[in-house]
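For reference, the structure discussed in these notes is given below.
All values below were derived from every heavy atom in this structure, side-chain atoms included, with hydrogens, water molecules and symmetry-related copies excluded. Worth saying up front: this structure is predicted, and the values here are computed from it rather than measured. To find a chain, count down the sequence lines: A is the first, B the second, and so on, and within it residues start at 1.
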Number of protein chains: 2
Amino acid sequence: MTLASLVGARRSALAQRLSHYLRLTSDEMDAIDALEHGDRRLPAGATLIDQDGPVDMLYVVQHGWLHSSLRLPSGGRQILRFHYAGDLIGTSSIAWSQAAATLTAVSDCIVSAVPKPALGELFATQRRVGGLLFAVSAAENVAMADRLTSIGRMDSIQRLATLLLDITARLRVTAGGVVDTIELPLTQADLGDALGLTKVHVNRTFREMEARGMIARHGRRLTILHEAELKAFTGFVDRYETVATEWLPAAAA
Amino acid sequence: MTLASLVGARRSALAQRLSHYLRLTSDEMDAIDALEHGDRRLPAGATLIDQDGPVDMLYVVQHGWLHSSLRLPSGGRQILRFHYAGDLIGTSSIAWSQAAATLTAVSDCIVSAVPKPALGELFATQRRVGGLLFAVSAAENVAMADRLTSIGRMDSIQRLATLLLDITARLRVTAGGVVDTIELPLTQADLGDALGLTKVHVNRTFREMEARGMIARHGRRLTILHEAELKAFTGFVDRYETVATEWLPAAAA
DNA sequence: CGCGTAGTTGAAGGACTTCAACACGTGTGG
DNA sequence: CCACACGTGTTGAAGTCCTTCAACTACGCG
């Protein structure tokens, strides 16, 4: 038992996330909390990690959201995914000592640093948690595959609709309860970089979706009007709702 | 020590792959070999797992290659990635009990079945191997991000070039030595589904690349003529060459 | 030899891009 | 306090890349 657990201090967002999938013992939660070595506050727009720069840390998102992106030789940019509270990010530093992607804060954020060896220790000492992290990583892989499919095989309306559904689904987890209106801190240029479109065409797509009554916008506030229809239309599946855990061994004594 | 290791029987392709990244103890290799419960032989074109079908197994590719794909409500198909000897596939079954994607044999294949609980046991008993699998999964994530960027932000020539470079790089690992000519068992329709293009346009792109002297084709045999230039042109990076392991704990005694 | 699959080509059309201009809101310095 | 700059959003017109449709060729296999 750590002091944190005795005094009931707030758990790491990672521990909260993982306990959503699996009932963790307090030893396991303590071990996850103990990964973190210091918080870092990021204003919206700040860069946490820069592509091709050296990295020896991972981070846990505690609050706010970020995105990871790749810069192209030709000058373009592709936004790869968005990261929310409870996500373990910068995992490319696990496989290499150079960052594969750039991490940028979308909103004001708080992230906690995790040294790589601490994660190694977690795999060694907590029998189940490593497996659970692997499962979450597999789920993220599938979510990325969905994005790939969206960009490779759908038109601009479906692409944008899928992304908006994805963002609202993820934001709801932290917001709690039913939310159908979200505050989007992304520019249309950002959305274009995420969708493989130009900002001009993102704008036209927004207006077309409004004209069809799919969404409503007021400034940066965006409302999805017919969510069920939109999900059917795009074939959207929330990959983060559940993760199977029955295959994991029992927790260590 | 298992019998297999005593008599020097062939190691699982997964053990071979992992020992490329990290010097494994014979205990660790035995544990990895012990994951596998029976081989399965697949002719080219056969389906190993069908999207939305039930799954309770993972597979290790021992020989040949496969691809995973998603079918769209609209009838289209997106090929997500190719899997080669040493890959652990069907990992979406780790996170759910339904398959997220379809797995299809590209060439004649041999795969070994791995029950999910066996993998859980591996995470519990082999301190380092779980972490290594997590690192490999992180690398796969980045490779997928590269594909996403390719499809989202590149024109057809760059997309096709990137894919061809990727395939030759991966095939070389098993072929061993320098190979600049590969036998492509993929149809142009397959390539289109992988690249987010139509088969017609894949054909035109091939011919354009030939005309520019980038590649040569004779039937299904394909030669990359100026690999270095092509890599610079596309910004291709082989994400599987190395995986950092210095952060892993020491092997169990 | 004929049939099916894969590859190839042309012509027309459409989705998205590019370029360019303007509108709007916000913050900052004169 | 207003002028101005700047980032973001919006719109039009022209152009490009890729798709669609349709036909035809080449190849392998019964």
Return the value, rounded to whole Å, for the distance between atom CZ of Phe206(A) and atom P of dG9(D). 8 Å
Would you mind classifying the nucleic acid contact of Arg207(A) as base, sugar-phosphate or nothing, using non-hydrogen atoms under 4.0 angstrom? sugar-phosphate
Between dA6(C) atom P and Leu184(B) atom CG, what is the distance in whole Å? 14 Å
With a 3.5 Å cut-off and no angle check, do the side chains of Ser137(B) and Ser137(A) form a donor-acceptor pair? yes
Within the 4.0 Å heavy-atom criterion, would you say Gly219(A) contacts the bases, only the backbone, or no part of the nucleic acid? nothing
I want to confirm an ordering. Mapping Arg153(A) and Arg220(A) to their closest nucleotides on DNA chain D, which one lands closer to the 5' end? Arg220(A)
Can you tell me which nucleotide in dA6(C), dC16(C), dT8(C) comes closest to the side chain of Gln188(B)? dT8(C)
Rounded to whole Å, CG of Asp155(B) lies from C1' of dT19(D) at a distance of 16 Å
Calculate the interatomic distance between Met154(A) atom CE and dC16(C) atom P; express it in whole Å. 13 Å
What's the CG-P distance between Leu197(B) and dA15(C), to the nearest Å? 17 Å
Using a 4.0 Å heavy-atom cut-off, does Gly45(A) contact any base of the nucleic acid, only the sugar-phosphate backbone, or nothing at all? nothing
Rounded to whole Å, the CD1-C1' distance (Ile157(A) to dA15(C)) equals 11 Å
Donor on one side chain, acceptor on other, Ser112(A) and Gln62(A), under 3.5 Å: yes
Contact string for nucleotides 22-30 of chain D, one letter per nucleotide 5' to 3', B = base within protein heavy-atom range under 4.0 Å, S = sugar-phosphate only, - = neither, reads ---------
For Arg159(B), which contact category applies under a 4.0 Å heavy-atom criterion: base, sugar-phosphate, or nothing? nothing
Scan side-chain atoms only and decide if Gln98(A) and Gln51(A) contain a donor-acceptor pair under the 3.5 Å cut-off. no
Roughly, in whole Å, what's the span from NE2 in His201(B) to C1' in dG13(C)? 15 Å
Under 4.0 angstrom between Ser156(B) side-chain N/O and dC18(D) OP1 or OP2: yes
Rounded to the Å, how far apart are Asp193(B) CG and dT19(D) P? 11 Å
Between Arg239(B) and Asp146(B), does the salt bridge (Lys or Arg N to Asp or Glu O under 4.0 Å) criterion hold? Intermediate values first, please. CA-CA 9 Å; Arg239(B) 302 292 187 181; Asp146(B) 288 341; 2.7 Å; yes
May I ask you to check if Arg217(B) and Phe206(B) form a cation-pi contact, with NZ or CZ under 6.0 angstrom from the six-membered ring centre and within 45° of the axis? yes
Modelled atom types, side-chain donor and acceptor of Asp190(B) and Thr187(B), under 3.5 Å: yes
Using only heavy-atom distances, determine whether the side chains of Thr223(A) and Thr181(A) contain a donor-acceptor pair under 3.5 Å. yes
Please determine whether any donor N or O and acceptor N or O are separated by less than 3.5 Å between the side chain of Arg204(A) and the base of dG12(D). yes
On the nucleotide dT8(C), are OP1 or OP2 found under 4.0 Å from the side-chain N or O atoms that Asn203(B) carries? yes
